[in-house]
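Report on the following structure.
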There are 2 protein chains.
Amino acid sequence: MEIEKIREEIANKGLKVTPQRVAILEAIYSLNNHPTAENIADHIKESQPNIAIGTIYKVLDALVEHNIIKKVTTEAGKMRYDGFTEHHHHLYCIECDLIEDYIDEELNELLKNHFNKKRIKGFHIKNFAVQVNGTFDKC
Amino acid sequence: MEIEKIREEIANKGLKVTPQRVAILEAIYSLNNHPTAENIADHIKESQPNIAIGTIYKVLDALVEHNIIKKVTTEAGKMRYDGFTEHHHHLYCIECDLIEDYIDEELNELLKNHFNKKRIKGFHIKNFAVQVNGTFDKC
DNA sequence: TTGTAAAGGAGAATCATTCTTATTTAATAA
DNA sequence: TTATTAAATAAGAATGATTCTCCTTTACAA
């Protein structure tokens, strides 16, 4: 995605467009691999050599807050960030730390129908996601 | 579950049966609410007043390693532990920190069928779980 | 009963993340 | 264009969960 689109995306949510925010969001899009805060710091260190790690966390929080990115939790204990915000699922590699987005409209429908039929007593569903664990051939 | 069953469960996996391990596993079963390490520490502090917090983490790791309990990740950044190890899903409350086990054999079948039909190129599925987010009536 | 590998206790260390405070800056209005 | 100001950043201390180290204790096999 071009820088101008990124600037617009940030501005459209009512956030100030700062070089740090642009660099971080660009990093998430171009890394495209559910990076950690540290991965992002590494990726932007040429363009933002003086950025504070605390700033990266604060920017990430703001982007999550405004639904520009999403948080992805893992068992490794580090938070990871996903630039794709549409309803989707994740493939988790149990051998390496790879996470891939898994988009499956048919699966969404299947689950939506299932949960419409089968209400859960005492619980009101807002959304759902499937965590698919396994191995990538490349691993 | 009775203490003797717990001792057997630990012994059957080839682990030494220690009072700390028994107390921790008993805490997980009786709390029955996906406790954190700290929750467990609180629960066992009468019977194990001198247990080190590091020991709790080490015991939990051993129990997970031997498939007696499971780790549950959350966005709150604390690891939680689940004494139910059969294939199941989780209901996450987005208002409080409640997590409930969600057992739905029909859903398991639905997903198994779906993934049998729809192979994911380059990825070999080992297992899957649905994370259902919403609110409990009681919250 | 003893020997020994495994487990536990104490507390320091680590690591991701958050907080505090002073400084800087983006965006708005004059 | 410049001045104003609320919001954002830098720096680094603080926090909090978890891990590690090292020494002591214990479960259990022989």
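Heavy atoms only: backbone and side chains are in, while hydrogens, waters and symmetry mates are out. All values derive from a computational prediction rather than experimental measurement. Quick note on labels: first sequence line is chain A, next is B, and so on, each numbered from 1.
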* Asked: So A/N108 and A/H89, side-chain hydrogen bond (donor to acceptor under 3.5 Å, both in side chains) or not? Walk me through it.
  -> CA-CA 9 Å; A/N108 295 348; A/H89 312 281; 2.7 Å; yes
* Looking at residues 57-74 of chain A, who's got a heavy atom less than 4.0 Å off DNA chain D? ->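 Of all residues in residues 57-74 of chain A, the ones placing a heavy atom under 4.0 Å from DNA chain D are A/K58, A/V59.
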* **Partners passing ring-ring contact (aromatic ring centres under 6.0 Å, His included) against B/Y102 (at least two apart in sequence or in another chain)** =>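 Not a single residue meets the ring-ring contact (aromatic ring centres under 6.0 Å, His included) criterion with B/Y102.
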* To do: Report the residues that fulfil ring-ring contact (aromatic ring centres under 6.0 Å, His included) with B/F136, sequence neighbours left out, ordered by chain and then residue number.
  =>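 If we apply the ring-ring contact (aromatic ring centres under 6.0 Å, His included) test to B/F136, skipping adjacent residues, the hits are A/F123.
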* Is A/P49 touching bases, backbone alone, or none of the nucleic acid, heavy atoms closer than 4.0 Å? ->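 The residue A/P49 makes no contact with any strand.
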* Select base, sugar-phosphate, or nothing to describe what A/K16 touches, counting heavy atoms under 4.0 Å on all strands. =>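 Touches a base.
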What is the distance from [atom1] of [X] to [atom2] of [N], rounded to the nearest Å?
X: B/I53; N: C/dA10; atom1: CD1; atom2: C1'; result: 13 Å
X: A/R7; N: C/dT25; atom1: CZ; atom2: C1'; result: 13 Å
X: A/L15; N: C/dT25; atom1: CG; atom2: C1'; result: 15 Å
X: B/R21; N: C/dA6; atom1: CZ; atom2: P; result: 11 Å
X: B/M79; N: C/dC15; atom1: CE; atom2: P; result: 16 Å

* Give the first and the last nucleotide of DNA chain D, reading 5' to 3', that has any atom under 4.0 Å from a heavy atom of chain A. =>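 Answer, 5' to 3': D/dA6 to D/dA11.
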* Starting from the 5' end of DNA chain C, give me the residue, B/G54 or B/G14, whose nearest nucleotide shows up first. =>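 Result of the comparison: B/G14.
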* Asked: 5'-most contact on DNA chain C: B/I56 or A/T18, nearest heavy atom basis?
  ->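 Its nucleotide being nearer the 5' end, the pick is B/I56.
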Taking only residues two or more places apart in sequence or in another chain, which ones pass salt bridge (charged side-chain N to carboxylate O under 4.0 Å, His left out) with [X]?
X: A/D82; value: none
X: A/K112; value: A/E109
X: B/K78; value: B/E38

* Asked: Quick one: hydrophobic cluster around A/I99, which other residues, with the 4.5 Å side-chain cut-off, linked directly or via members?
  ->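 Result for A/I99 is A/V72, A/Y92.
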* Asked: Just to confirm, is there a sub-4.0 Å distance from OP1 or OP2 of C/dA16 to any side-chain nitrogen or oxygen of A/T36?
  ->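 Checking A/T36 against C/dA16: no side-chain N or O falls below 4.0 Å of OP1 or OP2.
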* So which nucleotide from C/dA5, C/dT17, C/dG8 ends up closest to the side chain of B/T55? ->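 My answer, after comparing the listed nucleotides, is C/dG8.
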* To do: Can you run down the salt bridge (Lys or Arg N to Asp or Glu O under 4.0 Å) pairs that involve residues 91-102 of chain B, sequence neighbours left out, and say none if there aren't any?
  =>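 Applying salt bridge (Lys or Arg N to Asp or Glu O under 4.0 Å) to every pair that reaches into residues 91-102 of chain B, excluding sequence neighbours, yields B/E100-B/K138.
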Set out, line by line, the N/O atom pairs under 3.5 Å between protein and nucleotides 28-30 of chain C.
none

* To do: Hey, which sits more toward the 5' end of DNA chain D by its nearest nucleotide, B/V17 or B/G77?
  =>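 Of the two residues, B/G77 wins.
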* **Residue whose closest nucleotide on DNA chain D lies nearer the 5' end, B/K78 versus A/Q20** =>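 Nearer the 5' end of the strand: A/Q20.
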* Backbone N or O of A/P35 within a donor-acceptor pair of the A/R80 side chain at under 3.5 Å? ->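 Not at all, since once roles are kept as given, no pair shorter than 3.5 Å links the two residues.
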* **With B/T74 via side chain to side chain donor-acceptor pair (under 3.5 Å) - residues at least two apart** =>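 Side chain to side chain donor-acceptor pair (under 3.5 Å) list for B/T74, sorted by chain: empty.
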* Any chance the side chains of A/D104 and A/H88 put a donor and an acceptor closer than 3.5 Å? ->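 No, A/H88 and A/D104 have no side-chain donor paired with an acceptor closer than 3.5 Å.
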Show which side-chain atoms of residues 48-68 of chain A pair as donor or acceptor with protein atoms under 3.5 Å away, not counting sequence neighbours.
{"unit_1": "A/H66", "atom_1": "ND1", "unit_2": "A/A62", "atom_2": "O", "d": "2.9"}
{"unit_1": "A/N67", "atom_1": "OD1", "unit_2": "A/K70", "atom_2": "NZ", "d": "3.4"}

